[in-house]
Chemist: 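This is the structure I have questions about; it appears just below.
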Amino acid sequence: MAYKKITIDPITRLEGHGKIEIFLDDKGDVAHACLQVPELRGYERFAVGRLAEEMPRITETICGVCPTAHHTCSGKTLDDLYGVEPPPPARKIREFVYNAFMFEDHNFHFYFLGGPDFIVGPDAPKAERNILGVIGKVGIEIGKKVIDIRKRTRNIIQTMGGRVVHPVHCLPGGVSKPMTKEMQEEFKKTAEDSVEFAKFSLKAFADIVLANKTYLDLIVGDIYKHSTYYMGLVDDNNKVSFYDGLIRVVDPDGKEFAKFKVKDYLDHIAEGVESWTYVKFPYLKKIGWKGFVDGKDSGVYRVAPLGRLNASDGMATPLAQEYYEKFYETLGGKPVHNTLAMHWARLIEAMQAAETMVQLINDPEILDTNVRNMDFQIPKQGIAVIEAPRGTLFHHYETDENGVLTKANLIVATVNNSAAMNMSIEKAARNLIKGGKVNDGLLNMVEMAFRAYDPCIACATHTINGHVPLQIDIYNADKEIIKTLKTVFS
Amino acid sequence: MKKYALFLGCTVPVRAQHYELSARNVAKELNIEFADMKDASCCGFPLKAVDAETSLLLAARNIGIASKMNLDLITLCNSCTAMLSDAQKQMKNIEYSLNSEVKDIKGQVGNYKINVQTRSRGVIECNNCGKCINVCPVEVDDEGKKRKAIYYVPTYPDMHAIDYDTCTKCGECIKVCQGKIELDHKITEKEISAGAVVLATGLNWYDVSKVEEYGYHRLDGVMTTIEFERAVASGQLKPNKVVIIYCVGSRDSKHLPYCSKICCFLGLKEAKLIKDRFPDTQVYIVAMDMRSYGTFEYFYNKLRELGVSFIKGKPSEVFKRNGNLVVRTEDLYTNELLEIEADTVVLSSGFVPDNPTFDKLGIKLNGDFPVLFENAGLGNTALPRGIFTAGSATFPSGVRDTLIDARKAAFSVLSLFKHDKIETKQPNAQINEDLCSVCRMCIGTCPYNAVSIVDDKIKVNEELCMGCGICSITCPSYAIQLEGFNPRGLFNQIRTLIKKGDILALLCRWSAYNATDKAAYDKYSYPENVKIIRVPCSSAVDPSHVMLALLSGAKGILIGGCYPDACHYAKGNFRARAREQMLKLNLDLLGFNKNIVRLEWIGKDEANKFVEIVEKMNK
Amino acid sequence: MIDLKNADPHFKWETIKKEGGKGLLKCFGCSDCAASCPVRYFDERYNPRKIIRLTLLGMKNEVLSSPFLWFCAHCHACTERCPQGIMVADLINAIKNYAVEQGYCPEAYKLQLDLLKRLGRLYEVEDFDLKKRQRLGLPPTDKTIPEVAKIVEYTNIIKYANSKPQVPNTNQDDSSCQEKMEKE
Amino acid sequence: MAKPLVAFYWCASCGGCEETVVDLAEDILKVVDAVDIRLWPVALDFKRADVEAMADKSLAVSFINGAIRTSEQEEMAKLLRKKSELVVAFGACSHLGGIPGLANVANKKEIFETAYKMTRSTVNPKGVFPKTVTEIPQGKLTLPEFYDTVKTLDQTIDVDYYLPGCAPPPDLIMQAVTAILEGKLPPKGSVLTVDKALCETCPLNKSKPDKLAIKEIKRISEVIHDPEKCFLAEGIICLGPATRGGCGERCINANMPCRGCFGPTKEVKDMGAKFLSSLASIIDVDDEKEIEKIAESVFDPIGLFYMYTLPSSILRRKQGV
């Protein structure tokens, strides 16, 4: 049987930052579709031999978009490695910086990457579907507001963490720098404005997206729906938690499937390898790998904002909780399987991050200079988890008694979604390519499915950033390009 | 009116009186007063052809008379002028600061600033009549010897002095004094500028209480040689049985690893002291070895004739039994254990350098004397230029050795000042200010304190810099570089020199490089693929050079340096060792056998060692 | 008489190779060790200086077959005082090790080795001892520690201990001493 | 006059360099006004063919970030070189290799073994490794070849200027862009920041004792650092003396020592070896055994001295694998 092959390749085949291959059968229907990630950097290998306390600086370069997540998670791993609990002020500083980052990153995605689809509109000219288009639509004042809040929240990371891209402040048992009164004053304003900004974003989403039936239909439609397990961190009350907590997994019906400490993550998560991509495919170990399929019997699970909201019983802060309730009310109760709902969930999370910032910055203890706990135990192994914007992030180091790494294991945020992303692409392809006819909307649909996950291929493979333009080259049987579709990914 | 001492010499007063007269008259017109010089002699010129040294002495004497008058000097004879000025040139600026202490020394060769604190002696003029002692009411016990608060001090100058610690300033002495006494204890400070410094400070006793088994301070009757000497001399001690233990502290890796050289004679001297006074006293000398070199052998023989018992062995301990001191040792001649009961045990201690003075100069001796045993033939490079030692400041020595050493120091100074300018024998380090970030790594690493910060910039003191190159390899930006030793040049040299399978030998020019020369003399052959580059010091080897050689395919890199404590640049080889150790760690992680780089200590005559090592590396 | 014809030039180098043998060559024979030695005080046949001297001279038979080699009580008085910083007691031990390797293991040590192999400790713990311990409120101890046997078997120690001297012993006096000691 | 054409491109990078361009905030609009950006994958549409169709040297400048890990990146870098007047290596990875360059302590095989077999959570009983070509019933899936060695940009193409840092600070980027626009460029091969080491401007430099000498190497996790005191004076490894300045002492201000993301000063070829030599030289101990002990307490000279520069060092990678 002869198959026709369609390659969706960012930029060109030669660029290779992540590409989509679609094979058509004789009838011109989709026989197979997959997302290939063509690179790997080997952090787990070259972490070996390094000093544990340097890991927060090393692992954060896995991704320049979410370095704070890697940095903080690595710091937490060192706490566990040395058996040391950071003093409350240190933990608060870490958590404050982390929430600032969460807020900033979620907004970055919404306004710069994912949002243009909705705000400017999926049918708008491609040239306008970017931040400039967003500014055009919402007005220059709002645009400035977006740029301003990004700058100020990133300034929090810069002040406390040294560098904003790749901060340096986390150490085993605390942070390197205490907060001063002046900083607190400034950050307090930023935090309060962040809450206002989160409100604004959610209102904009309601006005522009939810009020538009076309968009709403798109969100609740079947194309972007996958019934999978969901994973996320929850606090003692099963509320969404970013910095710390228990890992909770719910099944496709929304029932609790597992709740475990990060120490036991190896009992619950396994990663499979395929020869056609450099990315690995995590699945729920107790169910097993059944391939790229939906449902209760498949070990595929999803993370990131939707995963976290589905895996929890609510948000940890009051305003966010209101929006949470509205979210499930609108989308027909828990769990929500619609991939595009990620965008909304993301903004609700940004609200929680902003509210948490306000809570933490008003805590007088955050000014305490006792930011290091030096009561170290002899190191052996450390495991920690954090909720990165793009999903649950695991760091696991094993060391000798001198704290020199002997083994490392990293399960990175986006990689948790790698199976689901493949499924979304295949589903979109099957829906849109029929009888050899390649629908023009394919690119857009695939793109939107893809972007909803906010995929950071940099994270997923410990390789490069995934925010790249997509290009679909369609080949006939003779491997001649018969059609080229392309777009700007961000 | 100006006043000069008038030096007439031989001819003028006898054969040219009119000349003298006119000179005196002219001087009067010019408002110059002449003071006649009592006791002035011939200037010395006539003797110059016979014995220049004696002629100089005569001239010096005359100058001395003038300087005692505190006047400059005028001569009327051209020969005298030449002779006296020649002598003055040679003895210029001899100035004594007696009863003085050096507070600190700064600067460098050609420009040392020495801060001296002088305590007044009390007795200003004195003819040693001794009347003051008789009237002084204060009696002092000076370590066993009784004296008065004013007393005769048998040192230069030949005068009495007041002991201000005990003087009550009653003024009795002034009443009888024919000279001049000042009762106020004046302390004055002054700064002396000097081109060079000779340290002739002497030495210190080793603290024998550290040799715990001999019980000094713990057991009555155990004393040091000086205590013993005073006690016997003052008549306080009349021992029946004395044991003198040798090598207390010396030749002991836990105390002083060296032989203090003079203590053997000192011990013999104490034995003679007691035997002379109390011939019946039994004296035992317990020594590992008796080192009575040269004419001291006569002395040793003499004491044996006097009946002193010499025991070969090192006592294990001194303890008390029934109120008596017991020295336990083995007699190596009979192989028997030996216990000697005695009432007095004398510890002939070793000697340590006068560290405080060296400290003032910033010279770290690590408890050793400033003689470098390994390279004694090459001179003492651990001392900064313009600083010399003489006598026991160099190493414990007797009078004879001290004189020789003092002469050596004097000639070292002369040869240093022979030239108007001091030529640096070695290249200096230089700073490229465009690259220097004042990170101070060079200051920390320089063994000579030659690098410092002046006006927020790094400066190299060219006089102190010895040209080792440690700093240029230390500098993280190559901002400080040794003249003529350019790491970049060495880079190219290695790149062109090293082929696959070669062994690169970077050898210190003082030791290991000479060993290769020696290898040639001794007709040793070593593999052809050993490529040798001479470096100023093992510490002038840049780890980057090693990396480059490895990249070029070298199968081994040998860094050859001087033995520890024998480095010509004080600490260079330790720097090299530290770098080698870290480099090994690094190379291990880069997939090399750690032993691909070897830092070996190869003495300048150890050709066999060099050959052995490169052959092993070549296998 | 020391006849240097019988000297073994390798002896001192072999000794240096042994654990603790370092420092042998530093000895300049001051005799501080002998003077410090409490064993020497009571039995002059034992003299560390002499042992070291003979070792330096290469008198292998004399040293290795000497029963006095085994007298050292390891009090380390000599080590404390040696001016050359030689670990004298360890040095003597190194010579002992070499002696065993060369087949000069005293019976007493063989017995000890046997006990260790069998029990894992020098003294057998009998029920009586255990009861006594119990009465005193002390925790019980293992009667045997079989792993010691494994360790002992793993090393060459038994082979060495049971070997015969490789060099025929010519020194009649010393061998009779050895016999005497063995009887004792 | 036509605006100069500019390209931004990325190779094996983390995206941090792109983020830092976004961090120019309002300034980015000035840049957009002054130049015509022809290629910027993260923000603008582009096709390789467009670049190929350009006349040689028609791009005024290409900013390339990320190291070179695959042949595809290599080819793209070569293409941009051909089309550009100037090429600027942007950020630590293209300048020096960056932290991903630490992968040069291993080869492809070791990295695969670790990632796809040895890691704790990996379940791979059949020993499946990603392959360049995988046959599936429907056809062939291809992946690009993964190089054994990470290379810097200038080991691949000729580079005119370097913008250092992980990531480069926005003010340096603006300075560089301004300099290019105004044609006030330093000699080719320059790193577009100051020539002196970080200590020059470090606020802690004044606290350094005149004679820097250490007896012990401490780890940053072991001590509570006095924010007023120089790290090296405390015995903590800080690469400040060996690292180019101009970063604004960002890490120092966060009470953390420098790890050298700006790379060495201009005379230095091998930053790690150079710093190693400097650090070893200020160990003030005159006992060989002690020196050995101190040297060994560094534990990981590669990770500490070459954190950002392994591919640009003399040996570039672990040998013999």
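Within every chain, numbering begins at 1; the chains are lettered A, B, ... in the order of the sequence lines, protein sequences first and strands thereafter.
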Chemist: Measure C/Tyr41 against the heavy atoms of chain B and call it side chain, backbone, both or neither at under 4.5 Å.
Modeler: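 For C/Tyr41, backbone and side chain are both near chain B.
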Chemist: What I want to check is whether the side chains of B/Asn322 and B/Glu341 have a donor and an acceptor closer together than 3.5 Å.
Modeler: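 Per modelled atom types, B/Asn322 and B/Glu341 side chains form no pair under 3.5 Å.
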Chemist: B/Asp289 versus chain C, heavy atoms under 4.5 Å apart: side chain, backbone, both or neither?
Modeler: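 No part of it gets close to chain C.
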Chemist: Can you tell me which of B/Thr329, B/Leu332, B/Val211 forms the most heavy-atom pairs within a distance under 4.5 Å of chain C?
Modeler: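 Maximum pair count with chain C is reached by B/Leu332.
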Chemist: Looking just at side-chain N and O atoms, do B/Glu297 and B/Ser292 make a donor-acceptor pair shorter than 3.5 Å?
Modeler: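 Their side chains do contain a donor-acceptor pair, which is all the 3.5 Å distance test asks for.
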Chemist: Side chains of C/Tyr46 and C/Glu44: do they bring a donor and an acceptor to under 3.5 Å?
Modeler: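 Looking only at side-chain atoms, C/Glu44 and C/Tyr46 do not form any donor-acceptor pair under 3.5 Å.
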Chemist: Select one option (side chain, backbone, both, neither) describing which atoms of B/Glu212 are under 4.5 Å from chain C's heavy atoms.
Modeler: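 Neither part, no heavy atoms under 4.5 Å.
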Chemist: Among the options C/Glu80, C/Gln84, C/Arg81, pick out the one with the most heavy-atom pairs lying under 4.5 Å from chain B.
Modeler: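 The answer is C/Arg81.
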Chemist: Give, as side chain, backbone, both or neither, the part of B/Pro315 having an atom under 4.5 angstrom from any heavy atom of chain C.
Modeler: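 Interface part for B/Pro315: backbone (N, CA, C, O).
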Chemist: Mark yes when over 12 heavy atoms from residues, nucleotides or ligands other than B/Lys320 sit less than 6.0 Å from its NZ; otherwise mark no.
Modeler: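 Buried by this count: over 12 neighbours within 6.0 Å.
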Chemist: For C/Arg49, is it the side chain, the backbone, both or neither that has a heavy atom under 4.5 Å from a heavy atom of chain B?
Modeler: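 For C/Arg49, the side chain is the part near chain B, not the backbone.
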Chemist: Are the side chains of B/Asn301 and B/Phe296 in contact, using a 4.5 Å heavy-atom criterion?
Modeler: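 Of all side-chain heavy-atom pairs linking B/Asn301 with B/Phe296, none is under 4.5 Å.
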Chemist: Parallel under 30°, tilted from 30 to 60°, perpendicular over 60°: which one fits the rings of B/Phe351 and B/Trp205?
Modeler: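 Because their plane-to-plane angle lies in the 30° to 60° range, the rings of B/Phe351 and B/Trp205 count as tilted.
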